[in-house]
There are 2 protein chains.
Amino acid sequence: MLNGMAPRTAASRAPRKTAQGGSEARERLLRTASELFYAEGIHVVGVDRIVAVAGVTRATFYRHFPSKEDLVEAYLGVEDANIRGTLEGAHGATDDPVELVGLLIEGIAEDVARHHTRGCPFINAAVEYADTGSRVRRAVDKHRAWFRGSLEHVLRSAGADDPVTKAGQLVLLRDAALVGGYLDGWDNVRVAFVSAARQAAGLDPKAPGSTG
Amino acid sequence: MLNGMAPRTAASRAPRKTAQGGSEARERLLRTASELFYAEGIHVVGVDRIVAVAGVTRATFYRHFPSKEDLVEAYLGVEDANIRGTLEGAHGATDDPVELVGLLIEGIAEDVARHHTRGCPFINAAVEYADTGSRVRRAVDKHRAWFRGSLEHVLRSAGADDPVTKAGQLVLLRDAALVGGYLDGWDNVRVAFVSAARQAAGLDPKAPGSTG
DNA sequence: CGTTAGGTAGAACGATCGTTCTTTCTCTGT
DNA sequence: ACAGAGAAAGAACGATCGTTCTACCTAACG
């Protein structure tokens with residue numbers, strides 16, 4: 001895996017800039033680091049690995065990132081931006097709260113199935129960074145607070161009642177779907193997730209079996 | 001934290017054995033390693049840390065554990081044994097499936113609130129060990145397969161219908177409770193977990209708000 | 001044209017990683 | 001009493017960790 005990304009040869013060794021203003025080397029560092037961090041973990045992936053795969057020298061690395069922890073923060077920042085984009089995209093899709101909640105659940109399932117097959121980048125990062133006060137943990141907390149609040153806002157603006165409880169349950173079930181999809185395989189988790197999520201959101205008011 | 005456990009002085013340096021047959025040094029190693037692994041993570045806790053806190057030398061460590069990975073396996077073995085004990089204890093508690101599922105949910109909530117405030121030891125270990133074929137990952141898979149199957153068995157023997165789906169949803173929600181309790185605080189997750197779990201199990205057939 | 005920011009190449013830093021080794025001591029079992 | 005197992009104490013192994021450094025080069029910009 002990740003072998004398709006061969007170490008970069010010294011083809012062009014000049015400072016090229018990207019359309020967004022960031023340098024090409026910096027973006028390559030951030031992209032390869034994101035893939036390696038997510039696929040294998042943060043502590044196990046050393047700086048030497050990252051610069052070797054990215055085809056960049058250590059000096060270049062430390063020119064763009066003061067320390068490895070800054071790179072980790074940037075990695076989480078990319079993930080955060082991605083999720084913000086997709087969620088805001090789904091925001092204006094519909095006004096019907098029922099349809100909206102259904103779209104949210106489908107979107108989560110789609111995301112877990114296609115990308116994020118190794119769990120949640122933020123949960124995984126929090127597992128590796130036990131210190132609550134670290135910058136990584138603060139980034140995780142910030143992201144989760146935004147996500148929960150954003151779900152509440154979407155549900156409220158769509159007219160759903162008890163948006164706080166519903167948002168809390170959706171966060172809960174999304175975490176579970178990401179973890180379960182990673183450890184048990186998405187196929188073994190999908191039906192449990194969808195049924196639990198739809199029940200929690202009030203889309204399927206009746207339980208599958210009435211206990212007896 | 002963990003400062004209350006002072007490095008052991010060279011009080012008695014003789015091979016003492018425990019009632020269970022294991023040596024005292026081995027048990028102290030396993031106990032301190034379990035606490036450190038769970039509290040801070042596996043990769044960040046080095047062998048030197050473990051032997052220093054346990055008051056044991058490196059030679060003694062490698063006499064009892066061929067490698068660090070064996071210690072990690074033993075650590076997960078202890079956690080596995082604990083859960084097996086508590087689950088089997090709840091098994092014979094009642095014959096009423098409704099009461100049983102309620103007890104299970106309460107037991108999970110109790111466990112997350114009191115112990116396991118840093119998430120699930122197996123999920124955390126799987127995050128740090130990305131290689132599916134590693135012994136650690138196989139131990140995680142084995143534990144989760146047993147837990148899921150055991151939940152199914154308990155539910156089935158208590159007469160609940162659709163025990164496979166119910167067990168899957170309970171596994172899902174337990175994962176979520178452990179992760180959420182760690183990252184968001186148990187107080188912010190408790191009501192969402194209990195309501196979702198009771199809905200999923202069919203104890204509370206009606207959703208909190210009927211969508212509109 | 002010259003400056004300079006951004007890049008390459010590679011050595012080197014101290015620290016820590018997991019692991020192995022030798023030596024000496026003391027308790028336990030027979 | 002004696003053998004052997006369990007543990008202490010500590011040096012040492014090569015490897016890797018994150019980080020810093022010097023030296024040279026090249027493309028873009030004023």
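Proteins get letters first, then strands, A, B, ... in listed order; numbering begins at 1 in each. The figures that follow rest on heavy atoms only: side chains count, while hydrogens, waters and symmetry mates do not. These numbers come from a predicted model, not from an experiment.
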With sequence neighbours left out, what residues match B:Phe65 under ring-ring contact (aromatic ring centres under 6.0 Å, His included)?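 Partners of B:Phe65 under the ring-ring contact (aromatic ring centres under 6.0 Å, His included) test: B:Phe61.
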
Apply ring-ring contact (aromatic ring centres under 6.0 Å, His included) to B:His64 and list each qualifying residue two or more places apart in sequence or on a separate chain.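 Scan of B:His64 (ring-ring contact (aromatic ring centres under 6.0 Å, His included), adjacent residues dropped) gives none.
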
Mind calculating the distance between [atom1] ([X]) and [atom2] ([N]) to the nearest angstrom?
X       : N      : atom1 : atom2 : result
A:Phe61 : D:dC21 : CZ    : P     : 16 Å
A:His64 : C:dA5  : NE2   : C1'   : 10 Å
A:Arg63 : C:dA5  : CZ    : P     : 10 Å

Using salt bridge (Lys or Arg N to Asp or Glu O under 4.0 Å) as the criterion, list what pairs up with [X], not counting sequence neighbours.
X        : answer
A:Asp70  : A:Arg135
A:Glu99  : none
A:Arg144 : A:Asp175, B:Asp184
A:Arg63  : none

Could you grab the distance from atom OG1 of A:Thr32 to atom CZ of A:Phe37, nearest 0.5 Å is fine?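 Going from the OG1 atom of A:Thr32 to the CZ atom of A:Phe37 covers 9.0 Å.
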
Give every pair of a protein N or O atom and an N or O atom of nucleotides 12-18 of chain D that lie under 3.5 Å apart, one pair per line with the distance.
from   : atom 1 : to      : atom 2 : distance (Å)
D:dG18 : OP1    : A:Lys68 : NZ     : 2.6
D:dG18 : OP2    : A:Val47 : N      : 2.8

Partners of [X] by side-chain hydrogen bond (donor to acceptor under 3.5 Å, both in side chains), sequence neighbours excluded?
X        : answer
A:Glu106 : none
A:Arg190 : none
B:Glu88  : none

Would you tell me if any nitrogen or oxygen in the side chain of B:Thr57 comes within less than 4.0 Å of OP1 or OP2 on D:dA7? no

For DNA chain D, what is the dot-bracket line, given that a base pair needs Watson-Crick (N1 to N3, plus N6-O4 or O6-N4) or G-U wobble (N1-O2 and O6-N3) geometry with both distances under 3.5 Å, and | means paired with another strand? ||||||||||||||||||||||||.|||||

Check each residue of residues 125-140 of chain A for a non-hydrogen atom within less than 4.0 Å of any atom in DNA chain C, then write out the ones that pass by number, or none.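 Output list: empty, so none.
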
